[in-house]
Amino acid sequence: MNWILLIIAGFFEVAFATCLGKAKESTGHQMWIWYAGFLICLTISMVLLVKATKEIPIGTAYAVWTGIGAVGSVIAGIVFFNEPATFWRIFFLFTLIASIIGLKYVAVS
């Protein structure tokens, strides 16, 4: 169950990073809605991360959480913000995913 909470926390990390990007592109009332989304997603992500670390070692949990956030944020940047999808970006994205999976399998819990 703690691994599921950690994965969900990672998805909320992607969401808060995406909200920041959308807020940067927006103005007026819409910008503040994106910032509110950022704060809500940030809070949910942190609460779930704290709950997950009750059973998962902090080093592993934090690495997996930030890894999910990094991978998801790169994908969101490519999909929503027209960032480049070069060979080397995708290659290193896959090495990051492999590292996250490896950490999950060597975790002590």
| message | Test side chain to side chain contact (heavy atoms under 4.5 Å, CB included) on Thr53 and Asn2; report intermediate values, then the result. | response | CA-CA 8 Å; Thr53 59; Asn2 290 302; over 6 Å; no
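- In the hydrophobic clustering of ILVMFWY residues, with side-chain heavy atoms under 4.5 Å counting as a link, Ile90 and Val79 come out together.
- Annotation: Phe94, atom CZ; neighbour count of heavy atoms from other residues, nucleotides and ligands within 6.0 Å does not exceed 12.
- Not a single ring pair (Phe, Tyr, Trp, His ring centres under 6.0 Å) links Phe80 to another residue, sequence neighbours left out.
- Neither Val47 nor Ile68 shares a network with the other; the hydrophobic side chains, linked directly or stepwise wherever heavy atoms of I, L, V, M, F, W or Y lie under 4.5 Å apart, form separate groups for each.
- Partners of Ser26 by side chain to side chain contact (heavy atoms under 4.5 Å, CB included), not counting sequence neighbours, listed by chain and number: Gln30, Met31, Trp34.
- Taking 4.5 Å as the limit, some side-chain heavy atom of Phe91 sits within range of a side-chain heavy atom of Thr95.
- The hydrophobic clustering, which links ILVMFWY residues whose side-chain heavy atoms are closer than 4.5 Å, places Tyr62 and Val50 apart.
- Distance CG/Leu103 to CD1/Ile56: 11.5 Å, rounded to 0.5 Å.
- Applying the salt bridge (charged side-chain N to carboxylate O under 4.0 Å, His left out) test to every pair with at least one member in residues 1-24, sequence neighbours left out, gives these pairs: Lys22-Glu25.
- The closest side-chain heavy-atom distance from Leu6 to Leu48 is not below 4.5 Å.
- Residue Lys104 places its NZ atom among more than 12 non-hydrogen atoms of other residues, nucleotides or ligands, all under 6.0 Å distant.
- For residues 65-81, the side chain to side chain donor-acceptor pair (under 3.5 Å) pairs, not counting sequence neighbours, are Ser45-Trp65.
- When side chains are defined from C-beta on, Ile44 does not count as touching Ile8, because their heavy atoms never get closer than 4.5 Å.
- Side-chain contact check for Ile75 versus Leu93: some heavy-atom pair is nearer than 4.5 Å.
- Each of Phe81 and Val14 belongs to its own hydrophobic cluster when Ile, Leu, Val, Met, Phe, Trp and Tyr are linked at side-chain heavy-atom distances under 4.5 angstrom.
- Residues Leu5 and Ala52 share a closest heavy-atom pair of CB-CB, 4.4 Å.
- Judged as a ring pair (Phe, Tyr, Trp, His ring centres under 6.0 Å), the pairs with a partner in residues 8-28 (not counting sequence neighbours) are, in order, Phe16-Phe38.
- Both Val71 and Leu20 belong to a single network of hydrophobic side chains, linked directly or stepwise wherever heavy atoms of I, L, V, M, F, W or Y lie under 4.5 Å apart.
- Evaluation of the side-chain hydrogen bond (donor to acceptor under 3.5 Å, both in side chains) rule for Glu83 yields Arg89 as partners, not counting sequence neighbours.
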